[in-house]
Asks: 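Quick one: structure below, then a few questions.
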Amino acid sequence: MGQSIIPMSKVYQEYLVDESKYTGEAESISFPETEEELLEILKEVREAGVPVTIQGGKTGITGGSVPEGGHILNLSRMNRVKDSWLCEDGTGRIVVEPGLNLMELQKESFARFRKEALYWPVTPTETSATVGGVAATGAQGITRLLYGDSRAYIEKIRAVDGRGRVLELAEPEALDAFLGKEGITGVITELTLILIPCPEELWGILFFFGEERGALKFIEAMEPFVPREKSGEGARIASAEYLDGEILAMIEARKSTMSRIRELPEVTPGTGGAVYVELHGSEDGIEEIAGVLMELAAEYGSDPDTAWAVSGSGEVEKLHAFRHAAPETCNLFIEEARQKDPRITKLGTDMQTKGSGLWEQVSGYRKDLEAAKLEGCIFGHGLEGHLHINLLPDSYESYEAGIRLFRTWAERVRAESGTVLMEHGAGKLKSRIYRDCLAEAYREENRRLKDAYDPERRLNQGNRFTAEKAGEA
């Protein structure tokens, strides 16, 4: 065993779990600092017939970076910025290694393009997530409504596939074999990212509603304001995020322990729901649309005096932190539930529905939860019909009931031509929960990619589909 490969011990226990609280096992771990070192490690474990789990910031919520035996290839030390340049069209390029986290990427982008004020518009609220993890899972962030798919801002990658080949990929079809594929085809070792100009002005408004119906109907009424283009004069809605009353109460109960949101105002007890709207554009344009939205929210029961309205990236970041407190609080609930029964893991949907209004969708979810005698909270991307229903099981029996309900929802969404898996990936948890609920085209794509890039089925076994070993797919 080479010096870069470290036998597993208690010192490295934290690398056996991610934010889903799913826990695995491994025989060894490594922390390569260069592509050359990574190649040597992969060659050694491949020759030994050892499966490899690729790991970044461990911020995933589906168990994708959790090993089930074999070797952990942790990329956290491959975190350098290798190059950057300004393009003639006013955009920029920054070349980074996969272990660089989003917070450091933002700092580096602003430092290198301070005069031009360029940034990467992919904005997951978990800023400790790595760029490689975002690319591998297809994560989007809360401003996807305006800026579109994250892969549109990844121009080129270098990767090492399961055969040990070093590939430079720039064509869309070639990129699609690695982006959003959760490491089943190879290890991304370098990314060339597209940076765009920061918006002239940036506002965030958090509207509070006495009743859930009012909040959801407000989102439905915002549909005419959905951006049809990424830029232009005036202002654009970049985010329309929904948080239900249950998650607001859970956040408020824990807020004093969360340093990033501790100083925010109190949420009124009994609040039925909230909608976070982010506006990008010119100052005059933002003021105009903000006034319209204030009046619209009032029509649906929101008191303008209770809204939190801020401007500037620093203040808006505080509201991003409040939005991020939703999944963070759910994760803390699951962590406490695991003290009673370690078999419990996070259960959260990642579905996008079609064909019905938001209020109708949520009402259906509420009825199903009540019928199954389950507790849960709902938040997510309102104007995109992409909500996350997080279950709050108090026992393993309710956890199992939750899995059955998830499968029912998945079958329903698929039948209505919705999307079962969006931005969090399938990992190992959802691959098992939804195994028979996923389209055959999805399963066939995974088999085809494995045959092309990892025919021995050594990389990220269990992600995206459960038949991961050679001869089983």
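Hydrogens, waters and symmetry mates are skipped; everything else that's a heavy atom, side chains included, is used.
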Asks: Take a 6.0 Å sphere around CD of Gln13 and say whether it holds more than 12 heavy atoms from other residues, nucleotides or ligands.
Replies: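 More than 12 heavy atoms, drawn from other residues, nucleotides or ligands, come within 6.0 Å of this atom.
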Asks: Under a 4.0 Å threshold between the charged nitrogen and the carboxylate oxygen, would Arg80 count as salt-bridged to Glu33?
Replies: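 Here Glu33 does not pair with Arg80 in a salt bridge, since their nearest N and O are not under 4.0 Å apart.
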Asks: Determine the interplanar angle of the Phe31 and Tyr12 rings, folded into 0 to 90°, and report it as parallel if under 30°, tilted if 30 to 60°, perpendicular if over 60°.
Replies: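 Tilted: the ring planes of Phe31 and Tyr12 meet at 30° to 60°.
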Asks: Below 4.0 angstrom, N of the basic side chain to O of the carboxylate: do Glu190 and Lys156 qualify?
Replies: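 Judged by the 4.0 Å cut-off on N to carboxylate O distance, Glu190 and Lys156 do not form a salt bridge.
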Asks: Working note: Glu126 + Thr59, criterion side chain to side chain donor-acceptor pair (under 3.5 Å); need CA distance, chi angles, decisive distance, verdict.
Replies: CA-CA 8 Å; Glu126 177 52 86; Thr59 60; 5.8 Å; no
Asks: Measuring from Thr329:OG1 to Phe333:CZ, what's the distance to the nearest 0.5 Å?
Replies: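 CZ of Phe333 is found 11.5 Å from OG1 of Thr329.
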Asks: Atom CZ in Arg464, atom OG1 in Thr62: separation rounded to 0.5 Å?
Replies: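 OG1 of Thr62 is found 10.5 Å from CZ of Arg464.
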Asks: So is Lys428 actually on top of Tyr22's ring, under 6.0 Å and inside 45° of the axis?
Replies: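 No, cation not above the ring by the 6.0 Å, 45° rule.
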Asks: Quick check for you: to the nearest 0.5 Å, what is the distance between Ile344 atom CD1 and Leu391 atom CG?
Replies: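 Answer for the CD1-CG pair, Ile344 versus Leu391, is 11.5 Å.
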Asks: Using only atom types and a distance under 3.5 Å, with no angle test, would you say the side chain of Asp161 pairs donor to acceptor with the backbone of Gly164?
Replies: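 Such a contact is found between Asp161 side chain and Gly164 backbone.
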Asks: Taking only Lys NZ, Arg NE, NH1 and NH2, and the carboxylate oxygens of Asp or Glu, determine whether Lys43 and Glu40 approach each other closer than 4.0 Å.
Replies: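 A salt bridge is absent here (no side-chain N lies under 4.0 Å from a carboxylate O).
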Asks: Would you say the side-chain atoms of Tyr153 pair up with the backbone N or O of Tyr147, donor to acceptor, closer than 3.5 Å?
Replies: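 Looks like yes, one N/O pair under 3.5 Å.
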Asks: Taking His388 for the side chain and Thr349 for the main chain, is one N or O donor matched with an acceptor at less than 3.5 Å?
Replies: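 A pair under 3.5 Å: yes.
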Asks: Please check this pair: side chain of Arg366 against backbone of Gln361, looking for a donor-acceptor N/O pair closer than 3.5 Å.
Replies: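 Absent.
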Asks: Strictly distance-based, threshold 3.5 Å: is any side-chain N or O of Glu220 a donor or acceptor partner for the main-chain N or O of Leu358?
Replies: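 Yes: the side chain of Glu220 pairs with the backbone of Leu358.
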Asks: Check Arg93 with Glu155, please: is the shortest side-chain N to carboxylate O separation under 4.0 Å?
Replies: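 Here Glu155 pairs with Arg93 in a salt bridge, since their nearest N and O are under 4.0 Å apart.
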Asks: Is a side-chain N or O of Gln461 found less than 3.5 angstrom from the main chain of Arg457, in a donor-acceptor match?
Replies: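 Checked: pair present.
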Asks: Answer whether the closest heavy-atom distance between the side chains of Asp18 and Ile61 falls below 4.5 Å.
Replies: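 No, too far: nothing below the 4.5 Å cut-off.
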Asks: Is Glu68 salt-bridged to Arg432, cutoff N-O under 4.0 Å?
Replies: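 A salt bridge is present here (some side-chain N lies under 4.0 Å from a carboxylate O).
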Asks: How long is the straight-line distance from CG of Asp244 back to CD1 of Ile378, given to the nearest 0.5 Å?
Replies: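 So the gap between those two atoms works out to 5.5 Å.
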Asks: Nearest 0.5 angstrom please: Thr192 OG1 to Ile154 CD1, how far?
Replies: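 Reported value, rounded in 0.5 Å steps: 10.0 Å.
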Asks: Does Glu336 come within less than 4.0 Å of Arg338, counting only side-chain N to carboxylate O?
Replies: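 Not counted as a salt bridge, because no side-chain N and carboxylate O are separated by less than 4.0 Å.
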Asks: Under a 3.5 Å cutoff, is there a donor and acceptor pairing between the side chains of Ser28 and His71?
Replies: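 Short answer, yes.
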Asks: State whether Glu35 and Arg158 are salt-bridged, where the test is any N-O pair (Lys NZ or Arg NE/NH1/NH2 against Asp/Glu carboxylate O) under 4.0 Å.
Replies: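 Looking at Arg158 together with Glu35, the answer is yes, because their closest N to O distance falls below 4.0 Å.
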Asks: Between Lys340 and Asp394, is the closest basic N to carboxylate O distance under 4.0 Å?
Replies: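 Judged by the 4.0 Å cut-off on N to carboxylate O distance, Asp394 and Lys340 do not form a salt bridge.
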Asks: Measure the OH-CZ distance between Tyr276 and Phe207 for me, rounded to the nearest 0.5 Å.
Replies: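 Interatomic distance, Tyr276 OH to Phe207 CZ, rounded to 0.5 Å: 11.0 Å.
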Asks: Is the closest side-chain donor-acceptor distance between Ser239 and Thr143 under 3.5 Å?
Replies: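 Per modelled atom types, Ser239 and Thr143 side chains form no pair under 3.5 Å.
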Asks: Is Val160 close to Leu167 at the side-chain level, that is, under 4.5 Å between some pair of heavy atoms?
Replies: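 A side-chain contact under 4.5 Å is absent here.
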Asks: When you look at CD of Glu445, are more than 12 heavy atoms from neighbouring residues, nucleotides or ligands closer to it than 6.0 Å?
Replies: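 Yes, the 6.0 Å shell around CD holds more than 12 heavy atoms from other groups.
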Asks: Taking 4.0 angstrom as the limit, do Lys255 and Glu252 come out as a salt bridge?
Replies: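 Salt bridge: yes.
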